[in-house]
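This report refers to the structure that appears directly beneath it.
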Amino acid sequence: MSDEKMLKTENITFAYEEDAAPVLRGVSCEVRRGELVAVLGANGCGKSTLAKHFNAILLPTEGKVWVEDMDTADENKLLDIRQKVGMVFQNPDNQIVATVVEEDVAFALENLGVPPQEMRLRVDEAMELAGIYKHRAKGPHKLSGGQKQRVAIAGVIAMRPDCLVLDEATAMLDPRGRAQVMKTVRHLNRDFGITVVMITHYMEEAAEADRVLVMSGGEIVMNGTPKEVFVRSEEMKSLRLDVPQAQELCLALREAGLDVPTDIISTEDCAAMLARLLQTGRADG
Amino acid sequence: MLRDITIGQHFPGDSPVHRLDPRIKLLLTLAYIIVLFAVHNISGMVLAFAVVLGLYLAAKIPLKVLARSMRPLLPIILFTAVLNLFFAAGEPIVQIWIFKISKEGIYYAITMVLRILCLIAGSSLLTYTTSPIVLTDAVERLLRPLAVLHLPVHELAMMMTIALRFIPTLIEETEKIMNAQKARGADLDSGNLMQRVKALIPVLIPLFISSFRRADELAMAMECRCYHGGDGRTRMKQLHVTGQDVVSTLIFCFAMAVLVATRWLPF
């Protein structure tokens, strides 16, 4: 991860209608290249609206949004911005355009006017990365939810974006589909340095991020590493948000009088801690 | 209900007919239909029917399928036959009350029936052997020159593609809504026609609303993937005319020429 900034919003305000209450109220944030950022928040806090500002689907009423050094309000840069920042939405059925998987993955490249030979290579590469190569000749309606969502991801990464914005991309999937999608996203982030911004309701997904932004009422109210954020569990609960199950367990154990650290948020760390606790317990007893 | 209609259905396969470039196939089908109207006698019509049956055999499509697709059109075929039988001008050979059947009448009736059979068989063969996506693609490429006249060729093809893509999704959704309404006590399967149509309203309204929402989201997802109309677009799959296509076309054109030549036969 470098210090180079990928996305930056400067005090943006946004209202869907002119005299309606603003959905975003002065949001300033930065995402660095290669980072995996999770955005949390209760329903209606403005997180999807923020996400749509990252690739100029929405333009701020006030303030500026920058993608690298491009202003999203600059219409001449529109295609460059959308090629750099790919977006995946919640419902896979509503973002697949073509009747065959590989044709859908090629859709963005066809729009960008990539020559056919190069397109074939990039489409195959994107399908391999998303793990759907073997389904390339199938119709999208024959695939499971997780597979469809990976087709949508492949369709976006075929553009070779620098940044991927996932707007609750796992919300409609079953646990297996969710695991498949998260594995693909981690792979893209770690091995290809693609910056990821993911909006999610699942605290376990957020716990894996490099940084967590918590939104409430159109503002960013918390910003830090998952540990820094989840430690403030009382505050999280007041925002109608959960903390990861692992941490919930640790807090309960601590309340019961056991000497448990407060900053455990991942399931693996929690399991290791419990094993240690049981061993020392046995040694003591 | 919808499942029984075979017109427009696709039977995948790997015959020369299937492999033929879809643009050529579309044009040859049009040529065949035009030639059918240039042929005026029974021998020509029989030959034309033989040509199309031969193509069905080559494409390995069971003739049963063809027969099934003709069944709903049987009344029209019979009506045409009867009309031609009684109303053609000529020397009557049989006369029943005011109805006269002439030699010409019999002749025209047979020609007409054969022509309709050829029309159905020929146009069905196109859709049987070409997948809808490929056909859409072919239409777009063939009509591309008309874009100069500001005909929205790309937009029409895009709409066809999206419509095809969403057919299975919407069928699934309709079933889901029907089940949901049935679970709330809706009665969709009984009553007279009016009652049934009325019972469908609570199915259709949610279906429409959700379709509009889908369209909205799809438009946004397309924009996210840099969709900006047909300008400067390329296609991954290119269509190439192969040597085999040329040979097939030549054979077909020869057959068409023979068909037109039957005009000068005496019967």
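Lettering follows sequence order; numbering is per chain, from 1.
- Counting heavy-atom pairs closer than 4.5 Å to chain A, the top residue among B:His228, B:Arg235, B:Lys237 is B:Arg235.
- Between chain A and the residues B:Arg233, B:Glu217, B:Gln238, the largest count of heavy-atom pairs under 4.5 Å involves B:Arg233.
- Using a 4.5 Å cut-off between heavy atoms, A:Ile57 contacts chain B through its side chain alone, with no backbone atom that close.
- Proximity to chain B (any heavy atom under 4.5 Å) is restricted, for A:Asn55, to the side chain, taken from C-beta onward.
- A salt bridge does not link A:Lys5 to A:Glu68: none of the charged side-chain nitrogens sits closer than 4.0 Å to a carboxylate oxygen.
- One N or O on the side chain of A:Gln147 and one on the backbone of A:Ser144 form a donor-acceptor pair closer than 3.5 Å.
- For the set A:Thr99, A:Asn94, A:Val156, the count of heavy-atom pairs under 4.5 angstrom toward chain B peaks at A:Asn94.
- Side-chain atoms of B:Ser123 and B:Tyr32 include no donor-acceptor pair closer than 3.5 Å.
- A cation-pi arrangement is absent between B:Arg225 and B:Tyr227 under the rule of less than 6.0 angstrom and at most 45 degrees off the ring axis.
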Practice prompt. Could you please spell out the steps behind the side chain to side chain contact (heavy atoms under 4.5 Å, CB included) verdict for A:Met87 and A:Gln95?
Written response: CA-CA 10 Å; A:Met87 195 140 168; A:Gln95 35 188 334; over 6 Å; no
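- For a residue to count as touching a neighbouring chain, one of its non-hydrogen atoms must lie under 4.5 Å from one of that chain's; by this rule A:Leu78 does not touch chain B.
- Counting only N and O atoms by type, the side chains of B:Glu172 and A:His141 include no donor and acceptor under 3.5 Å apart.
- Heavy atoms of A:Phe89 lying under 4.5 Å from chain B belong exclusively to its side chain.
- Contact of A:Val88 with chain B is not made at all, since no heavy-atom distance falls under 4.5 Å.
- Using a 4.5 Å cut-off between heavy atoms, B:Glu223 contacts chain A through both its backbone and its side chain.
- No other option in A:Ala158, A:Ala98, A:Gly86 has as many heavy-atom pairs under 4.5 Å with chain B as A:Ala98.
- Between A:Val67 and the options A:Lys8, A:Met6, A:Arg82, a side chain to side chain contact (heavy atoms under 4.5 Å, CB included) holds for only A:Met6.
- Both the backbone and the side chain of A:Glu102 come within contact range of chain B, judged by heavy atoms closer than 4.5 Å.
- No part of A:Val165 comes within reach of chain B, as not one of its non-hydrogen atoms sits under 4.5 angstrom from that chain.
- Relative to the ring axis of B:Phe166, B:Arg214 does not place its NZ or CZ within 45° and under 6.0 Å from the centre.
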